[in-house]
Protein chains: 2
Amino acid sequence: MRAQRPARRTPATDALSQDTKSRILDAAELLFMEHGFEATSLRQLTAAAGVNLAAVNYHFGSKEELFQAVLTRRLDPMNQERIDLLARYEREAGSKPLTCEKILSAMLIPALRLSRDEKRGGKHFLRVLGRAYADPAPFIRNFLSAQYAEMIARFKEAFLKALPHLTKQELTWRLHFVMGALSYTLAGTDSLKLMLQVITNDQDNDELLLQRLAPFLAAGLKAPLGDAKKLELVSGD
Amino acid sequence: MRAQRPARRTPATDALSQDTKSRILDAAELLFMEHGFEATSLRQLTAAAGVNLAAVNYHFGSKEELFQAVLTRRLDPMNQERIDLLARYEREAGSKPLTCEKILSAMLIPALRLSRDEKRGGKHFLRVLGRAYADPAPFIRNFLSAQYAEMIARFKEAFLKALPHLTKQELTWRLHFVMGALSYTLAGTDSLKLMLQVITNDQDNDELLLQRLAPFLAAGLKAPLGDAKKLELVSGD
DNA sequence: GCACGATTCAAACGCCCGTTTGAATCATGC
DNA sequence: GCATGATTCAAACGGGCGTTTGAATCGTGC
């Protein structure tokens with residue numbers, strides 16, 4: 001399809017010095033975050049990337065395939081990192097089951113690493129991902145399911161050992177809650193931050209954030225099973 | 001602007017028997033859930049509602065204002081219900097501070113009621129809302145912030161009394177996590193369900209769901225403060 | 001230094017978008 | 001039963017969309 005071209009580096013703008021495919025991916029990551037998939041046009045995107053309009057269809061086939069490429073580029077390595085880290089923890093622990101907090105670390109740390117890595121798109125990508133979770137488009141939903149399948153299965157297994165009082169079904173729900181809180185937190189939509197009047201803007205924002213999220217999630221995962229009478233519907237009156 | 005017209009009821013289709021404004025709102029709720037705001041066209045929407053294309057701009061002004069109307073119709077009463085229920089609990093408790101679980105109930109029960117009320121759009125609306133949280137469009141973000149401001153402030157106050165070991169800032173973050181898990185759960189995007197292989201499809205789905213979510217969130221809210229060393233970045237190897 | 005595949009480019013294609021318009025229709029108060 | 005304002009309607013507006021095309025350009029192997 002395409003031949004490698006020597007990257008001719010201009011001194012000032014580093015973004016412009018990459019090859020066409022990377023320039024498109026970077027611009028897409030940024031614009032999909034800012035405006036969403038549907039609201040981002042290829043004309044606007046290719047202009048921002050400094051490439052010809054037809055380049056997206058030439059290199060990626062279609063706008064949808066470009067979106068999947070944007071997700072894959074970051075998601076694949078991150079989930080692999082999660083699986084590897086979990087495996088390493090399990091190796092280090094020997095025969096003893098891992099603690100809940102340790103397994104959570106294996107989920108959170110690769111995400112945190114990615115969010116702090118400006119060279120790998122930093123937070124931009126995690127916002128795109130947070131939005132993608134909530135997107136009803138079938139091509140996005142199916143894609144994400146496939147991307148996450150292996151990672152989720154591995155972590156479910158680990159959590160089951162660490163939390164023997166939970167049934168499989170109960171754990172499935174609690175993982176659902178974990179993913180919800182995590183994706184919202186990492187996506188960091190301004191609307192929620194505005195709502196809750198969060199002011200923090202420091203550099204170590206994300207690390208502090210995950211240090212707050214981890215105990216919250218660990219406590220939730222370890223909680224005793226719910227009492228059926230705790231949440232009965234209050235009728236009228 | 002508009003004069004009231006007597007609703008002429010056809011026996012079979014109840015949807016077609018409402019007035020134009022309601023028909024548009026109902027169709028919009030459904031289509032915005034299925035395809036999102038940007039991906040839903042007014043031609044498709046008005047056709048589904050059985051009204052003329054120009055009716056949206058006549059009755060609501062623009063597509064954006066229609067979206068806000070879709071949100072307001074359900075969100076306003078639900079948040080008012082939450083505030084009222086919290087006030088009632090506080091009245092019943094007298095001078096004693098409410099438990100964390102009780103305050104959570106005041107948040108969850110009105111949402112659960114809405115989700116089970118087919119006449120009020122049922123789950124359709126909550127999915128639209130879940131998507132809206134993650135939408136980057138400024139007109140959506142600002143609108144949601146304003147809609148939630150009072151409710152969030154009231155509940156923050158109540159939680160502060162129930163959880164005296166938390167600082168204001170810590171509570172703000174935990175409420176952030178609560179809203180994230182809650183909105184994900186209620187929005188119930190298929191992609192997450194697919195990922196986690198949730199099978200339940202019964203009628204009391206939502207009630208069971210919140211009975212599972214409530215203990216999880218309560219435990220998270222009550223968790224001790226995080227240890228700074230718990231989640232340190234593991235460098236390399 | 002030329003041939004050839006990979007890439008870039010400007011232009012156009014066909015289509016659908018949100019909105020506006022001005023006339024037709026309806027419902028009501030007089 | 002007619003005047004009046006609210007509502008509905010078909011049609012059009014201007015513009016932007018994703019994609020395709022075919023020629024120009026580039027970069028490398030011979």
Side-chain angles (χ1 to χ4, degrees), chain A residues 1-10 13 15-28 31-32 34-70 135 137-140, chain B residues 1-10 13 15-29 31-32 34-70 135 137-140 143:
Chain A
M1 260 296 183
R2 91 206 124 93
Q4 215 64 338
R5 211 182 46 168
R8 113 198 96 95
R9 323 205 95 241
T10 58
T13 55
L16 287 175
S17 64
Q18 299 165 335
D19 64 7
T20 300
K21 248 184 143 170
S22 298
R23 292 229 298 274
I24 291 175
L25 284 171
D26 289 343
L31 288 171
F32 286 159
E34 284 177 359
H35 311 302
F37 174 73
E38 300 282 354
T40 300
S41 77
L42 290 185
R43 283 170 173 79
Q44 161 186 33
L45 197 157
T46 50
V51 304
N52 187 271
L53 168 61
V56 167
N57 290 278
Y58 177 75
H59 285 286
F60 297 94
S62 67
K63 192 186 176 188
E64 289 195 356
E65 288 169 281
L66 168 61
F67 187 74
Q68 293 184 353
V70 167
D135 203 297
F139 87 93
I140 295 180
Chain B
M1 261 293 184
R2 91 206 123 94
Q4 215 63 341
R5 211 181 49 168
R8 113 198 95 95
R9 325 204 93 241
T10 58
T13 55
L16 287 175
S17 63
Q18 300 165 336
D19 64 6
T20 300
K21 251 185 140 169
S22 297
R23 293 229 298 274
I24 292 175
L25 284 171
D26 289 344
E29 197 165 60
L31 289 172
F32 286 158
E34 284 176 359
H35 310 303
F37 174 73
E38 299 283 353
T40 300
S41 77
L42 290 185
R43 283 171 172 80
Q44 161 185 34
L45 197 158
T46 50
V51 304
N52 187 270
L53 168 62
V56 167
N57 290 279
Y58 176 76
H59 285 286
F60 296 94
S62 68
K63 192 185 176 189
E64 290 196 356
E65 288 169 283
L66 167 62
F67 187 73
Q68 294 184 352
V70 167
D135 203 297
F139 87 93
I140 295 180
F143 179 79

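Each chain gets a letter, A, B and so on, in the order its sequence line appears, and its residues count up from 1.
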Give a yes/no verdict on a cation-pi contact between B:K21 and B:Y58, requiring under 6.0 Å between NZ or CZ and the six-membered ring centre and an angle within 45° of the axis.
no
Readout for nucleotides 13-25 of chain C: B = base within 4.0 Å of protein heavy atom, S = sugar-phosphate only, - = neither; 5' to 3' it is ----BBBBB----
Would you say A:L45 and A:V51 make side-chain contact, with heavy atoms under 4.5 Å?
no
Could you tell me which non-hydrogen atom of A:G50 sits nearest to which non-hydrogen atom of A:R23, and how far apart they are?
O-NH2, 3.0 Å
With a 4.0 Å limit, can you tell me whether B:H59 has a side-chain N or O closer than that to the phosphate oxygens OP1/OP2 of D:dA6?
no
With sequence neighbours excluded, what pairs up with B:F143 under the ring pair (Phe, Tyr, Trp, His ring centres under 6.0 Å) test?
none
Using whole Å, report how far CD1 of A:I24 lies from P of D:dG18.
13 Å
Assign the ring pair B:F32 / B:F37 to parallel, tilted or perpendicular, where the plane angle (0 to 90°) is split at 30° and 60°.
tilted
